[in-house]
Amino acid sequence: MAKRRTTDLSQLSARLGHTFAKPALLRLALTHASARPGSKPNDDNERLEFLGDRVLGLAMAELLTNRFPAVSEGELARWFNHLVRTETCAEVGQSWNLGDFILMSGGEAGSGGRHKKTILANTCEAVLGAIFADAGYEAARDVVHRDWEPYLDDLDEASPDAKSVLQEWAQGQQLPLPRYVEISREGPDHAPRFTAEVQVEGKSPERGDGANKREAEQSAALAMLVREGVWRPAAND
């Protein structure tokens, strides 16, 4: 049997700072796929999650470019990825106590579904999509700017993801996606050392080393970003 821990959605509306003109949108945003009637494939929050993901992206890009006008594109992209990732969205969802309001099957709830990061993050995005559908972009943007703003203080600790930044840069340059090639694997099995090469059409390749394949690829991507002037490494990078 599908159920919510609490049915008083006015508490959630108060936390969001938004009163829904169409409360059915909020109810739909809180409906997990496990609670969807079998005969109604769209009666869950997945379409609103798709919408909310795009709303969050636009609002976050606006927040970052307005707040940090002198920061490079590469650094903005790194911070953006940190702020819209599953973990951050799940933390915002927890601050709204979303787990108490999600409609899900008894089996999903019994397996800890109300505390799963993926479910919280997806529902968080669905709620943003519902606010957008209910009242437009500005209403949803205001929620994003208010509830994600505290995370701006943690941006210096955001883990670099050079591969993601390089991919976005290549797409922005209308280039094919970067290609990674393992060049070598040396050392004993318990302490291997990998060398990877990243190739982007029309650009000279770069290489990087690491204790595993992913680390080597990240190192190669970072080397290319620095060379192309996209990423300005910090003094301790």
Side-chain angles (χ1 to χ4, degrees), residues 46 49-50 53-54 56-58 60-61 63-65 67-93 111-112 115-122 124-125 148 151-237:
E46 291 181 353
E49 175 200 338
F50 173 85
D53 176 68
R54 276 69 187 171
L56 173 60
L58 178 57
M60 190 56 59
L63 175 61
L64 287 171
T65 54
R67 182 65 68 86
F68 306 107
V71 171
S72 70
E73 176 191 359
E75 193 76 349
L76 289 173
R78 176 162 75 97
W79 291 350
F80 177 92
N81 290 335
H82 179 74
L83 291 165
V84 302
R85 65 180 183 161
T86 295
E87 290 81 1
T88 306
C89 291
E91 287 182 21
V92 173
S111 67
H115 305 288
K116 290 180 180 178
K117 288 183 179 180
T118 301
I119 292 178
L120 287 169
N122 292 347
C124 175
E125 291 179 341
W148 270 259
Y151 293 91
L152 298 183
D153 295 335
D154 300 328
L155 290 181
D156 287 340
E157 301 172 8
S159 299
D161 186 355
K163 290 180 66 175
S164 296
V165 176
L166 183 61
Q167 177 175 312
E168 292 173 6
W169 175 77
Q171 290 175 318
Q173 299 289 314
Q174 315 261 316
L175 296 171
L177 295 179
R179 178 171 174 262
Y180 295 88
V181 178
E182 183 179 320
I183 300 299
S184 66
R185 181 185 187 279
E186 301 175 343
D189 289 341
H190 69 277
R193 195 73 187 170
F194 291 81
T195 298
E197 181 175 274
V198 60
Q199 302 169 355
V200 175
E201 186 177 298
K203 305 292 181 181
S204 299
E206 284 286 354
R207 292 186 178 184
D209 300 316
N212 54 55
K213 185 177 178 181
R214 174 175 170 75
E215 188 176 298
E217 291 176 351
Q218 288 280 3
S219 178
L222 178 59
M224 182 171 286
L225 288 168
V226 171
R227 188 194 72 200
E228 295 296 323
V230 179
W231 194 310
R232 260 190 336 230
N236 58 350
D237 277 359

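We count residues from 1, following the sequence as given.
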Between [X] (side chain only) and [Y] (backbone N and O only), is there a donor and an acceptor less than 3.5 Å apart?
| X | Y | value |
| --- | --- | --- |
| E228 | M224 | no |
| T65 | A61 | yes |
| W148 | L83 | yes |
| N81 | A77 | yes |
| E197 | E182 | no |
| T118 | T86 | no |

Give, for atom [atom1] of [X] and atom [atom2] of [Y], the distance between the pair rounded to the nearest 0.5 Å.
| X | Y | atom1 | atom2 | value |
| --- | --- | --- | --- | --- |
| N122 | K116 | CG | NZ | 12.0 Å |
| E87 | Y151 | CD | OH | 11.0 Å |
| C124 | L56 | SG | CG | 7.0 Å |
| E217 | L222 | CD | CG | 13.5 Å |
| F194 | I183 | CZ | CD1 | 13.0 Å |
| L64 | F80 | CG | CZ | 8.0 Å |

Measuring only between side-chain heavy atoms, which start at C-beta, is E125 closer than 4.5 Å to C89?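 Yes. Closest side-chain heavy atoms under 4.5 Å.
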pair L175-K203: side-chain heavy atoms closer than 4.5 Å: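 SC-SC contact between L175 and K203 confirmed.
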Ionic contact status for E206 with R227, cut-off 4.0 Å: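 Looking at E206 together with R227, the answer is yes, because their closest N to O distance falls below 4.0 Å.
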Answer yes or no: is there an ion pair linking R193 with E186, defined by an N-O contact shorter than 4.0 Å?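 Looking at R193 and E186, the cut-off is not met.
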Which pair of non-hydrogen atoms, one from [X] and one from [Y], has the smallest distance, and what is that distance?
| X | Y | value |
| --- | --- | --- |
| A220 | A196 | CB-O, 3.7 Å |
| Q199 | V181 | NE2-CG2, 3.7 Å |
| A162 | Q218 | N-OE1, 2.9 Å |
| E215 | G210 | OE2-CA, 3.4 Å |

With no hydrogens and no angle check, just 3.5 Å: does a side-chain donor-acceptor pair link D209 and T195?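 There is such a pair between these side chains.
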Between Q171 and Q173, is there a side-chain donor-acceptor contact under 3.5 Å, judged purely by atom types and distance?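 There is no such pair between these side chains.
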Within 45° cone and under 6.0 Å: K213 NZ/CZ vs Y180 ring: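 No cation-pi geometry.
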Just checking F50: does its CZ atom have more than 12 heavy atoms from other residues, nucleotides or ligands closer to it than 6.0 angstrom?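 Counting neighbours around CZ of F50, 12 or fewer heavy atoms of other residues, nucleotides or ligands fall under 6.0 Å, so no.
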